Amino acid sequence: MALYEHVFIARQDLSNAQAEGLIEHFGQVLTDNGGTVKDHEYWGLKTMAYKINKNRKGHYAFLRSDSPSPAVQEMERLMRLHDDVMRVMTIKVDAHEEGPSVVLQAKAAKDERRGGRGDRDRGDRPRRD
């Protein structure tokens, strides 16, 4: 079987739980057709560079799979028919990289630069008298 990486963008009006449910659903489609999902990541709601179907944002998801070609074709067919999925990209790779994807690594580095504060706390600020 071949190794694949899949990225898809879901509509912005879905909840986080619904977007993660789509990851599980399409992972199950691969499993039902003889493939296996090695890893999946939910990248969150991100602003896109341009509007797609009148949406400015989208829920990004990432899957790594070891699947036969017919399983991937069936999953892509179902994604393109699904109303909540706006874009799909599948890439065949020679080997899966270990650990989190580059997107999650960048997010972790950004949080680390911020001092681990996710709430953007600026601390004590001087008075503006």
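From a predicted model like this one, the values you see are computed outputs, not experimental measurements.
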| said: Return the CE to CD distance between M79 and E74, rounded to the nearest 0.5 Å. | reply: 11.5 Å
| task | Could you tell me which non-hydrogen atom of M1 sits nearest to which non-hydrogen atom of P68, and how far apart they are? | result | SD-CD, 3.3 Å
| request: Find the distance between NZ (K107) and CD (E112) and round it off to the nearest 0.5 Å. | output: 15.0 Å
| What distance do N53 atom CG and R11 atom CZ have between them, rounded to the nearest 0.5 Å? | 9.5 Å
| query | Would you say L22 and F8 make side-chain contact, with heavy atoms under 4.5 Å? | reply | yes
| Out of curiosity, does V37 fall in the hydrophobic cluster containing V85 (side-chain heavy atoms, cut-off under 4.5 Å, transitive links)? | yes
| message | Please verify the inter-ring angle class for H82 with F26; under 30° counts as parallel, over 60° as perpendicular, anything in between as tilted. | response | perpendicular
| message | Taking the side chain as everything from C-beta on, heavy atoms only, tell me whether H40 gets closer than 4.5 Å to E24. | response | yes
| At their closest point, which heavy atom of S67 faces which heavy atom of T36, and how far apart are they? | OG-N, 3.9 Å
| message | How close do Y4 and H96 get, counting heavy atoms only, and between which atoms? | response | O-CE1, 3.1 Å
| Got K46 and V103 here, is their nearest side-chain heavy-atom distance under 4.5 Å? | yes
| task | Begin with the C-alpha distance, continue with both residues' side-chain angles, and end with the deciding distance and a verdict on side-chain hydrogen bond (donor to acceptor under 3.5 Å, both in side chains) for Q28 and D32. | result | CA-CA 6 Å; Q28 188 63 40; D32 292 345; 2.8 Å; yes
| field | I52 reachable from F62 in the ILVMFWY side-chain graph, under 4.5 Å edges | value | yes
| task | Please report the closest heavy-atom contact between D94 and L3, naming both atoms and the distance. | result | O-CD1, 3.5 Å
| Going through the distances and angles, do M48 and M86 end up as a side-chain contact (heavy atoms from CB on, under 4.5 Å)? | CA-CA 12 Å; M48 297 183 282; M86 296 187 297; 3.7 Å; yes
| Under a 4.5 Å cut-off applied to non-hydrogen side-chain atoms, are N55 and I9 in contact? | no
| request: Find the distance between NE2 (H25) and CG (D84) and round it off to the nearest 0.5 Å. | output: 10.5 Å
| query | Are L30 and V88 grouped together when hydrophobic residues (ILVMFWY) are joined by side-chain heavy atoms under 4.5 angstrom apart? | reply | yes
| task | State, with a plain yes or no, whether a side-chain heavy atom of M75 is found less than 4.5 Å away from one of H6. | result | yes
| If Ile, Leu, Val, Met, Phe, Trp and Tyr residues are connected whenever their side-chain heavy atoms lie under 4.5 Å apart, and connections chain through other members, are L63 and V93 in the same group? | no
| W43 and V7, any side-chain heavy atoms less than 4.5 Å apart | yes
| query | Would you say the side-chain atoms of Q105 pair up with the backbone N or O of P100, donor to acceptor, closer than 3.5 Å? | reply | yes
| request: State, with a plain yes or no, whether a side-chain heavy atom of Y60 is found less than 4.5 Å away from one of E41. | output: no
| query | Can you name the nearest heavy-atom pair linking E5 to R64, along with the distance? | reply | OE2-NE, 3.9 Å
